[in-house]
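All figures in this text were calculated on a predicted structure; none of them were measured in a lab. In what follows, chains carry the letters A, B, and so on, assigned in the order in which the sequence lines appear, proteins first and then strands, with residues in each chain numbered from 1.
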2 protein chains.
Amino acid sequence: MARRAKPANNATIIDVANLAGVSYATVSRVVNNKENVAPATRVRVLAAMEELGYQANLNARRLVSGRSYAIGLLVHNLMGPYIGEIMAGIDDVLATSNYELMLFTTHQRREREARYIDLMSSGMTDGLILILPRGLETYIRSLRQRHFPYVLVDHRGFEPTDLYVIAANWQGAYDATQHLLQLGHRRIGMITGVIDMDNARERVAGYQAALEAHQVHFDAELFVEGDYTQLSGVNGALKLLSLADPPTAIFASNDVMAFGVLEAAHACKLRVPQDLSLVGFDDVPMASWTQPRLTTVRQPLVEMGRLAAELLLRTLEDPEHQKQGIVVPAELFVRQSTAPANGGRGATVDVVNGAAAWAEAGSNVV
Amino acid sequence: MARRAKPANNATIIDVANLAGVSYATVSRVVNNKENVAPATRVRVLAAMEELGYQANLNARRLVSGRSYAIGLLVHNLMGPYIGEIMAGIDDVLATSNYELMLFTTHQRREREARYIDLMSSGMTDGLILILPRGLETYIRSLRQRHFPYVLVDHRGFEPTDLYVIAANWQGAYDATQHLLQLGHRRIGMITGVIDMDNARERVAGYQAALEAHQVHFDAELFVEGDYTQLSGVNGALKLLSLADPPTAIFASNDVMAFGVLEAAHACKLRVPQDLSLVGFDDVPMASWTQPRLTTVRQPLVEMGRLAAELLLRTLEDPEHQKQGIVVPAELFVRQSTAPANGGRGATVDVVNGAAAWAEAGSNVV
DNA sequence: ACAATTCATGCAAACGTTTACATGCACATT
DNA sequence: AATGTGCATGTAAACGTTTGCATGAATTGT
């Protein structure tokens, strides 16, 4: 029964040693740039390596060193710009290290949780970055119990020793809401994120705090829960706009939902920003490609990825290095989707027809 | 000098064997579900595994089996929706296998090429999926020489035996162009992709073939090269619209550039589709979120990722399995960004002011 | 000139598995 | 009762490295 075919390239450290006329220990020293190798020997070994096209077998190396030289990224799914940006930041940092990146998603079956944790702790990765996977708490519990290094993104964890990178969601939401208040808006709708995520709750709190600071009554009617998808933005906006006393501005907890609001407003024949002001969150690249360009709170996603990777790498070097999270600023970018409240509204809102129009126009979107 | 700390979880196959009172070979048989193990022994071993929380060391396994149970994805960079979609498809397939996914990017330094090829062939992955990395040809040459399994996405490779998954770019571009022709457009601008990529060239060829079929003269003036970024879409559109005899329709070689065209048109006070028709390519999710919704050629990116992963996995099972590429259909989705040519144009094009307006509006986009 | 030190190199063990082969026992066949 | 067959289990080698320790040569100090 043939052993699974290996890459044809088979030169081992012993082949090199034979060719160079030294022991394989010496070859190993050359390969790893250890000192105490005579210059003449070194060049001889190097030449032999070159001739044979020698490449150290990674798995043997991993076995003996007990390290995998890989870090894992655990996410719920890969859709949307959010993950991609963070991933780019992580990749930036890893490119300058000698770690590689493994990708794990949790969106398939629930049972995978256990499998992943096993894989990781059995030597597949040396550390993990978790970006809001489903079942976060379960993962964290297992990882902590195994003393496996990890860093959270966009969540503060459950213990004071949890390492994390998160944006100043509260402040960002506060600034966004205050911006709308200063433009004269008093009825400001909010479409939240998935409410059991730290980031979503913090944004809600910032929104409420700003209202309070300006002595504006918080109206639960103006508050709908979304799930960070465009569709939930459409539906949330439709719901808000169909209120007896609809909002003159909407704060969406991420840009993708804001795009949904834009679409709903269009379907209802409301102009943004003249008839409805809109603020998003994230500042994904697309936020400045829409008409109008989206006023939004920038969350430095690439930078957050970078920081998370750096934090993890540093923890791998020195497990005691830093035992606290990082909060990065979130900055409001005022673009074109917000304008002063115009007292009486230009167009009356016809949500029923709007929703119908939207449904019809959307019907060819498979 | 302390060996790098390993995961606390240290139970080996030998510990399990001792606890169960059998040899480690027997434990191995149980772990791998081999037959010829007495039922009673099996339960005893299973119990011991459970008690010790045993998890087979992956790297030892890899060393002896010569396989890594990982496949690699090699891409130029991670930005944009295109890669994310394909990646999601790959992930779908891998989730049902026992392979994991490693991510490699080539956008950093050129020198990484050699390093990556070494890593892969030294046991980091069992096979590779390449999505248009920089230096594709170099990679392919090395990989073929090492008989390392790989699958290309969006490129047909250089040898008849190269495995690939690509969309019917020619047909898609033909259909898009024909759609515009049937709407009465005669001056149809094209913004191409990076022209040394197979997909870009095929789309150009489809465009030209459609023009020819309708006896419309191909005007080199109407033809600008882009690079798949939104900015290149803006610039390409600005250039086309400033022609003495500007196009009444534009076909952009991907959606992201089409978004740029939308922006340029807006800056020039041209209405889409009344004053300018627009077709994109890809059908990324965002294409149906814009105003107007983008008419575009759908490239089934997720499906392409899935097919590529399946093809690779099958090749790993049976190296001789299939030695030819897969072409998936590309289908035109007519939405709202195209309309009949209206003979004389409503608004005259003022590109100079438009470009200025665009530059100013864009100035807060860092 | 001899002892002490430094340095280059080799030897062998260890990392944790998988698996070919050997062993021995129980049962069936003659 | 003797022989053959099949099955459960154990033994040991192999996978390709890294690295502590031993060895001997070369260099330094007195």
Quiz item: Can Arg61(B) and Val31(B) be said to form a side chain to side chain contact (heavy atoms under 4.5 Å, CB included), step by step?
Solution: CA-CA 12 Å; Arg61(B) 213 172 230 186; Val31(B) 170; 3.2 Å; yes

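- The side chain of Thr26(B) has dT9(D) as its nearest neighbour among dT18(C), dT9(D), dT17(D).
- One atom, CG of Asn18(A), and another, C1' of dG10(C), lie 14 Å apart when rounded to the nearest Å.
- With sequence neighbours excluded, the residues that form a side-chain hydrogen bond (donor to acceptor under 3.5 Å, both in side chains) with Tyr82(A) are Asp154(A).
- Between Asp126(A) and Arg62(A), no side-chain nitrogen of the basic residue sits less than 4.0 Å from a carboxylate oxygen of the acidic one, so the salt-bridge criterion is not met.
- Between Asn57(B) atom CG and dT17(D) atom P there is a gap of 17 Å when expressed in whole angstrom units.
- Between Tyr69(A) and Tyr99(A), the ring planes lie tilted relative to each other; the angle falls in the 30° to 60° range.
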Give me the distances for all protein-to-nucleotides 11-13 of chain C N/O pairs that come in under 3.5 Å?
from: dA12(C); atom 1: N7; to: Tyr24(A); atom 2: OH; distance (Å): 2.9

Practice problem: Would you check, one step at a time, whether the test side chain to side chain contact (heavy atoms under 4.5 Å, CB included) holds for Ile71(B) with Leu73(B)? | Solution: CA-CA 7 Å; Ile71(B) 75 144; Leu73(B) 175 60; over 6 Å; no

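- The side-chain hydrogen bond (donor to acceptor under 3.5 Å, both in side chains) search around Arg141(A) returns none, not counting sequence neighbours.
- Look at CG on Leu63(A): it is 17 Å from P on dA14(D), rounded to the nearest Å.
- Listed for the Asn32(B) side chain is no donor-acceptor partner under 3.5 Å among the backbone atoms of Lys34(B).
- Here the P atom of nucleotide dC15(C) and the CZ atom of Arg67(A) are 18 Å apart, to the nearest Å.
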Which pairs of donor and acceptor atoms, one on a side chain in residues 15-26 of chain A, lie under 3.5 Å apart (sequence neighbours left out)?
from: Asp15(A); atom 1: OD2; to: Thr12(A); atom 2: N; distance (Å): 2.8
from: Asn18(A); atom 1: ND2; to: Ile14(A); atom 2: O; distance (Å): 3.4
from: Ser23(A); atom 1: OG; to: Ala25(A); atom 2: N; distance (Å): 3.4
from: Ser23(A); atom 1: OG; to: Thr26(A); atom 2: N; distance (Å): 3.4
from: Ser23(A); atom 1: OG; to: Thr26(A); atom 2: OG1; distance (Å): 3.4

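- Note on the helix from dA1(C)-dT30(D) to dT30(C)-dA1(D): angle between the axes of the first and last five pairs equals 40°, rounded to 10 degrees.
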Exercise. Applying side chain to side chain contact (heavy atoms under 4.5 Å, CB included), run through Leu313(B) and Glu310(B) and close with a yes or a no.
Key: CA-CA 5 Å; Leu313(B) 257 35; Glu310(B) 279 167 4; 5.7 Å; no

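- Rounding to whole angstrom units, OH of residue Tyr69(B) and P of dT17(C) are separated by 14 Å.
- With rounding to whole Å, Arg62(A) atom CZ is found 16 Å from dG16(C) atom P.
- Distance CD1 (Ile13(B)) to C1' (dC15(C)): 14 Å, rounded to an integer number of Å.
- Distances shown here put every side-chain N or O of Thr12(A) at or beyond 4.0 Å from the OP1 or OP2 atom of dG16(D).
- The distance between atom CD of Gln55(B) and atom C1' of dG16(C), rounded to the nearest whole Å, is 13 Å.
- Among the heavy atoms of the strands lying under 4.0 Å from Asn32(A) are primed sugar atoms or P, OP1, OP2 only; no base atom is included.
- In this structure, Asn77(A) contributes its side chain and His107(A) its backbone to no donor-acceptor pair below 3.5 Å.
- Taking 4.0 angstrom as the limit, Lys34(B) places a side-chain polar atom (N or O) nearer than this to OP1 or OP2 of dT19(C).
- Listed pair Arg61(A) / dT18(D) meets the phosphate criterion, a side-chain N or O lying under 4.0 Å from OP1 or OP2.
- Side-chain proximity of Val22(A) to dG16(D), dG10(C), dT18(C): nearest is dG10(C).
- Under a 4.0 Å N-O distance rule, the pair Arg306(A)/Glu303(A) qualifies as a salt bridge.
- Between Met49(A) and Gln55(A) the shortest side-chain heavy-atom distance does not fall below 4.5 Å.
- Interface residues of residues 35-49 of chain A facing DNA chain D, ordered by number: none; criterion, heavy-atom separation under 4.0 Å.
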